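These notes are about the structure you will find just below.
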Amino acid sequence: MTEAITTRCCIAGGGPAGMMLGLLLARAGVDVLVLEKHADFLRDFRGDTIHPSTLELMHELGWLDDFLKLPHQKAAVLGVQFGNLAGPIVDFTHLPTRCKFIALMPQWDFLDFLAKEAGKLPNFHLLMQTEAKDLLAQGDRICGLLATGPNGNMQIKAALTIAADGRHSLLRDKSGLKVQDLGAPFDVLWLRLPVKPGDPADLIGKVRNGQLFVMIYRTDYWQCAYLIPKGGFDTIKAGGLSQFRARLKQIAGFAVGRVDDAITDFDQIKLLTVTVDRLAEWARPGLLFIGDAAHAMSPIGGVGINLAVQDAVAAANILAPAFQQGVPTLRDLEKVQRRREFPTKVIQAFQVAAQNFLLAPTMAATKTPEPPFIIKALDRWPWLRQFPARFVGMGVRPEHVELPRH
């Protein structure tokens, strides 16, 4: 038996983009159904940085005080250790926002918060353990999707289908839309190291002897990102755990004595296969892609969550009025792409330049190269640090909630 459901808007994917868009459309009076394939939002080593632009949106929605009651750490400055040069290079304290810091918060807490607020809206519906599998079409128009849930197969008909199912989007593969691959010369290994009394409570990037390592303070542990050449994890595993731990010790700094006890098996390490791509067209009649499904981002700058949320806000601002007039047209969907494509291209261009001209040569070096001029300048002249802070913390063309509550 196939269960049949009808809704105004069906959103595949309960990540930051899907949850925020579903919440905002429901808040504007649109009947929304969000599908999340997992039983909960608990996933380790997901993007956990909530930037000032997203915190500003939480203020606009009236939720900031409650949101900041959730466990989090504040990063007002970002530092780097590039060989013998060590110090802050990004300073958020001069931003024209209410929160002049990045909130380091587990993504599941962020998503649980959105789900709780959305659950107060009668037009919002969330189905967990429900995965979109294929698109439904009538002629050239997408009219919903096929999904599987705890009770079997489902056919969901919708006036508009939103694909927010991430960088490995199944619906993107089914859509026939063209993907532009911008390339990424590295992958990331995520791992944990213990925190000890006296540790700095900062976000730290380290560059030494061809290795790049990022440490994110999580109160009771360090979430660490170790960058490797693209496809290099199998080679690392073939070399054995002892050799890998020896490499970590070369760059772990004050945490060097914790590596052996903390890393006892490769199963403790999570591989993130980095991709940087985007759709040439984000929409077909009845179907729109947003977030990583429309444009997979590099982890450089930690902007993924925040760019996805900005997509959601822009989409809601455009689509909610269209729903009030009837059914959003292809022209309405294309407005979302025009609004968000420029910020996406600018940020991806920065990420591709950084990975090609800084990360790739550094990983290929046998000794620590000379810090780039921009790093030296940011270290020498503190007033310059506000500019990368604006780019990272606020993004390009930050969005604002324009919809009154229905």
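The shown structure was predicted, so the numbers you read here are calculated from the model rather than taken from an experiment.
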Enclosure of Lys376 NZ (heavy-atom neighbours >12, cutoff 6.0 Å): yes

When every non-hydrogen atom of Arg390 is compared with those of Pro96, the smallest separation belongs to NH2-CD, 3.7 Å

Please report the closest heavy-atom contact between Val274 and Val188, naming both atoms and the distance. CG2-CG2, 4.0 Å

Distance-only, no hydrogens or angles: does the Asp261 side chain make a donor-acceptor pair with backbone N or O of Arg258 under 3.5 Å? no

CD/Glu281: more than 12 non-hydrogen atoms of other groups inside 6.0 Å: no

Looking only at heavy atoms, the pair that brings Ala389 and Asp91 closest together is CB-O, 3.0 Å

Looking at Gln351 and Ile300, would you say the former's side chain and the latter's main chain have a donor-acceptor pair under 3.5 Å? yes

Tested for side chain to side chain contact (heavy atoms under 4.5 Å, CB included) against His295, the lone hit among Leu182, Asp311, Ile290 is Asp311

Are Thr264 and Gln268 linked by a side-chain donor-acceptor pair shorter than 3.5 Å? yes

d(Glu334 CD, Ile318 CD1) to nearest 0.5 Å is 11.5 Å

So with a 6.0 Å cut-off around NZ of Lys230, is the heavy-atom count from everything else above 12? yes

Counting heavy atoms not belonging to Asn84, are there more than 12 under 6.0 Å from its CG? no

Check whether Asn317 reaches the backbone of Glu402 with its side chain - one donor and one acceptor, N or O, closer than 3.5 Å. yes

Worked check of side-chain contact (heavy atoms from CB on, under 4.5 Å) between Gln73 and Tyr217: CA-CA 8 Å; Gln73 294 79 46; Tyr217 181 70; 3.8 Å; yes

Could you tell me whether Arg98 and Glu56 have a side-chain N and a carboxylate O separated by less than 4.0 Å? yes

Taking the six-membered ring for Trp, are the ring centroids of Phe254 and Trp222 within less than 6.0 Å of each other? yes

Compute the ring centroids of Phe110 and Phe41, then answer whether they are less than 6.0 Å apart. no

Is it true that the NZ or CZ of Lys237 lies under 6.0 Å from the centre of Phe233's six-membered ring and within 45 degrees of the ring axis? yes

Hey, are the side chains of Lys206 and Met215 touching, using non-hydrogen atoms and a 4.5 Å cut-off? yes

Any chance the side chains of Gln250 and Gln211 put a donor and an acceptor closer than 3.5 Å? yes

Starting from the C-alpha separation in whole Å, work towards a yes-or-no answer on salt bridge (Lys or Arg N to Asp or Glu O under 4.0 Å) for Lys196 and Asp199. CA-CA 6 Å; Lys196 291 190 175 181; Asp199 282 357; over 6 Å; no

Non-hydrogen side-chain atoms of Pro71 and Thr219 separated by less than 4.5 Å: no

Step by step, work out the salt bridge (Lys or Arg N to Asp or Glu O under 4.0 Å) result for Glu399 and Arg339. CA-CA 10 Å; Glu399 304 291 344; Arg339 176 71 187 177; 2.9 Å; yes

Apply side-chain hydrogen bond (donor to acceptor under 3.5 Å, both in side chains) to residues Thr2 and Asn153 and explain how you reach the verdict. CA-CA 5 Å; Thr2 299; Asn153 295 327; 4.6 Å; no

Looking only at atom types and distance, does a side-chain atom of Thr7 sit under 3.5 Å from a main-chain N or O of Cys10, one as donor and one as acceptor? no

Lys37, NZ atom: more than 12 neighbouring heavy atoms under 6.0 Å: no

Carefully, step by step, assess Arg172 and Asp165 under the rule salt bridge (Lys or Arg N to Asp or Glu O under 4.0 Å). CA-CA 9 Å; Arg172 185 168 70 176; Asp165 51 340; over 6 Å; no

Is the number of heavy atoms from other residues, nucleotides or ligands within 6.0 Å of CG (Asp220) greater than 12? yes

Minimum heavy-atom separation for Ile216 to Leu104, with atom names? CG2-CD1, 3.8 Å

Checking the side chain of Glu117 only, and the main-chain atoms of Leu114 only, is there a donor and an acceptor separated by less than 3.5 Å? no

Decide, yes or no, whether a salt bridge links Lys249 with Asp260 under the criterion of side-chain N to carboxylate O below 4.0 Å. yes

Check against side-chain hydrogen bond (donor to acceptor under 3.5 Å, both in side chains), Thr54 and Asn306: CA-CA 6 Å; Thr54 301; Asn306 305 279; 2.6 Å; yes

Heavy-atom closest pair (Val34 atom, Gly14 atom, distance to 0.1 Å) is CG1-CA, 4.1 Å

Taking the side chain as C-beta and beyond, is there a heavy-atom pair between Asp379 and Val80 under 4.5 Å? no

Would you say the side-chain atoms of Asp48 pair up with the backbone N or O of Gln107, donor to acceptor, closer than 3.5 Å? yes

Is there a donor in the side chain of Asp292 and an acceptor in the side chain of His168, or the other way round, less than 3.5 Å apart? no

Between Arg284 and Ser175 (side chain of the first, backbone of the second, donor and acceptor by atom type, cut-off under 3.5 Å), is there such a pair? yes

Please walk me through it: do Arg278 and Glu341 pass salt bridge (Lys or Arg N to Asp or Glu O under 4.0 Å)? CA-CA 9 Å; Arg278 62 176 175 262; Glu341 189 171 41; 5.1 Å; no

Nearest heavy-atom neighbours spanning Thr344 and Leu307: OG1-CD2, 4.1 Å

Any non-hydrogen side-chain atom of Tyr226 less than 4.5 Å from a side-chain atom of Leu212? no

Are Phe101 and Phe92 close enough that their ring centres sit under 6.0 Å apart? no

Please identify which of these residues, Thr362, Ile228, Leu359, meets the side chain to side chain contact (heavy atoms under 4.5 Å, CB included) condition with Phe186. Leu359

Donor-acceptor pair, side chain of His72 and main chain of Leu70, under 3.5 angstrom: yes

Looking at side-chain heavy atoms only, is the closest gap between Leu25 and Ile162 below 4.5 Å? no

Run Trp383 and His94 through ring-ring contact (aromatic ring centres under 6.0 Å, His included) and show every step you take. CA-CA 9 Å; Trp383 62 272; His94 302 288; over 10 Å; no

Between Arg208 and Thr368, does a side-chain hydrogen bond (donor to acceptor under 3.5 Å, both in side chains) hold up when you go through it step by step? CA-CA 5 Å; Arg208 183 179 293 275; Thr368 306; 5.0 Å; no

Does Gly183 offer a backbone N or O that forms a donor-acceptor pair with the side chain of Gln355 under 3.5 Å? yes

Would you check if Ile204 and Val214 make a side-chain contact, meaning some heavy-atom pair closer than 4.5 Å? no

